[in-house]
Amino acid sequence: MAAAPIRVLRTVSISILLTPWLLGLVVFLAVSGSDYPPPLLPIVIGAVAVGGVLLAETVGYSAPPIEPGTGSLRAAGLALQHYRSRWLVRAVSTEIVLIVGLLVSFMLGTPWPYVVAFVLGWPIMVYEVWPASRVVDKLNLRLERDGARSYLDDALHGRLPEATPPVEG
């Protein structure tokens with residue numbers, strides 16, 4: 001029996017959320033300088049963080065609604081497909097803050113840009129990437145906005161919804 005998709009997403013989320021910690025260790029071992037970064041750097045990294053959050057909150061939840069009359073098994077499959085693809089968009093759009101901090105740290109030869117990026121970016125990643133009920137409910141509202149049921153919670157937990165045939169319209 002295959003693992004429930006939510007378990008797989010949690011496992012992948014943990015690995016994505018641990019990566020910045022490991023990158024921080026690499027930065028502190030590889031970058032020897034301790035000079036402070038330019039004073040505008042936190043503002044620039046903050047702007048990247050705001051952009052990442054805006055992308056995650058808009059594009060990360062922009063799934064087309066499930067059409068009324070869609071059968072329950074098909075609706076559950078579509079909902080799971082949309083959740084996975086939107087999850088990836090949210091992960092990438094929030095991870096960009098840390099990538100920018102990493103690049104700037106190596107360019108300037110100081111770990112401070114990564115520290116600033118980590119302090120701003122990692123909590124955002126946790127908020128957007130971890131498959132919490134807030135994230136599931138928010139996407140579910142988008143999927144069900146035309147009145148069809150999405151069965152997203154059932155699909156994520158590996159439960160088959162009660163089969164309903166598609167309604168011919």
Side-chain angles (χ1 to χ4, degrees), residues 2-65 77-145 150 152-153 155-158:
I6 193 77
R7 293 187 64 178
V8 174
L9 284 166
R10 285 180 181 149
T11 302
V12 175
S13 294
I14 288 170
S15 67
I16 285 176
L17 293 172
L18 286 177
T19 301
W21 290 91
L22 296 173
L23 287 175
L25 181 64
V26 168
V27 167
F28 279 99
L29 293 175
V31 179
S32 60
S34 61
D35 297 337
Y36 286 106
L40 292 178
L41 185 69
I43 295 171
V44 171
I45 292 178
V48 173
V50 168
V53 169
L54 289 175
L55 273 174
E57 287 291 317
T58 55
V59 179
Y61 293 98
S62 65
L78 286 171
L80 185 58
Q81 177 184 352
H82 288 305
Y83 184 87
R84 286 177 175 153
S85 64
R86 301 294 112 194
W87 175 87
L88 188 59
V89 167
R90 289 191 308 274
V92 169
S93 63
T94 56
E95 196 173 33
I96 195 71
V97 179
L98 295 155
I99 293 170
V100 167
L102 180 71
L103 292 173
V104 173
S105 282
F106 280 104
M107 286 171 37
L108 297 179
T110 177
W112 288 107
Y114 189 77
V115 170
V116 172
F118 184 87
V119 167
L120 291 174
W122 196 75
I124 294 169
M125 282 183 67
V126 171
Y127 184 75
E128 293 291 347
V129 172
W130 185 254
S133 59
R134 175 198 70 82
V135 175
V136 174
D137 292 345
K138 189 169 182 176
L139 184 62
N140 205 30
L141 284 173
R142 298 286 302 192
L143 293 172
E144 294 181 348
R145 71 180 177 263
S150 73
L152 178 59
D153 195 54
L156 282 171
H157 289 89

Rounded to the nearest 0.5 Å, what's the gap from CD1 on I6 to CG on L80? Could you check?
9.5 Å
Between G109 and V31, the two heavy atoms sitting closest are C-CG1, 3.1 Å
Distance from T94 atom OG1 to L55 atom CG, nearest 0.5 Å?
10.0 Å
Compare every heavy atom of G158 with every heavy atom of A4, then report the nearest pair and how far apart it is.
CB-N, 4.0 Å
So do the side chains of L152 and V136 get within less than 4.5 Å of each other, counting heavy atoms only?
yes
From L98 atom CG to T19 atom OG1, the distance as rounded to the nearest 0.5 Å
10.0 Å
Contact summary for Y127 and R134, nearest pair of heavy atoms:
O-NH2, 2.7 Å
Rounded at 0.5 Å granularity, tell me how far CZ in R10 sits from CG in L17.
13.0 Å
Minimum side-chain heavy-atom gap M125-W130 below 4.5 Å
no
Applied to residues 43-59, the side-chain hydrogen bond (donor to acceptor under 3.5 Å, both in side chains) test, sequence neighbours excluded, yields E57-K138
Considering only distance and modelled atom types, tabulate donor-acceptor pairs under 3.5 Å from the side chains of residues 82-92, sequence neighbours left out.
{"from": "S85", "atom 1": "OG", "to": "Q81", "atom 2": "O", "distance (Å)": "3.3"}
{"from": "S85", "atom 1": "OG", "to": "H82", "atom 2": "O", "distance (Å)": "3.1"}
{"from": "R86", "atom 1": "NH1", "to": "V59", "atom 2": "O", "distance (Å)": "2.9"}
{"from": "W87", "atom 1": "NE1", "to": "S13", "atom 2": "OG", "distance (Å)": "3.4"}
{"from": "W87", "atom 1": "NE1", "to": "V129", "atom 2": "O", "distance (Å)": "2.9"}
{"from": "R90", "atom 1": "NE", "to": "E128", "atom 2": "O", "distance (Å)": "3.1"}
{"from": "R90", "atom 1": "NH1", "to": "G60", "atom 2": "O", "distance (Å)": "2.9"}
{"from": "R90", "atom 1": "NH1", "to": "R86", "atom 2": "O", "distance (Å)": "3.4"}

Hey, is the main chain of L139 close enough, under 3.5 Å, to the side chain of R142 for a donor-acceptor pair?
no
Straight-line distance of I16 CD1 to L18 CG, nearest 0.5 Å:
10.5 Å
Minimal non-hydrogen separation, P38 against L108, with atom names:
CD-CD1, 3.7 Å
Side chains of F106 and V27, heavy atoms from C-beta outward: is any pair under 4.5 Å?
yes
Which class fits the ring pair F118 and Y114: parallel under 30°, tilted 30 to 60°, perpendicular over 60°?
tilted
State the CG-CD1 distance between L40 and I45, to the nearest 0.5 angstrom.
11.5 Å
For a quick test of reading the model, state the closest non-hydrogen atom pair linking V97 to A117 and the distance between them.
O-CB, 3.4 Å
Kindly give the heavy-atom pair with the smallest separation between L143 and S150, and that separation in Å.
CB-CB, 3.9 Å
Do other residues, nucleotides or ligands put more than 12 heavy atoms under 6.0 Å from the CZ atom of R7?
no
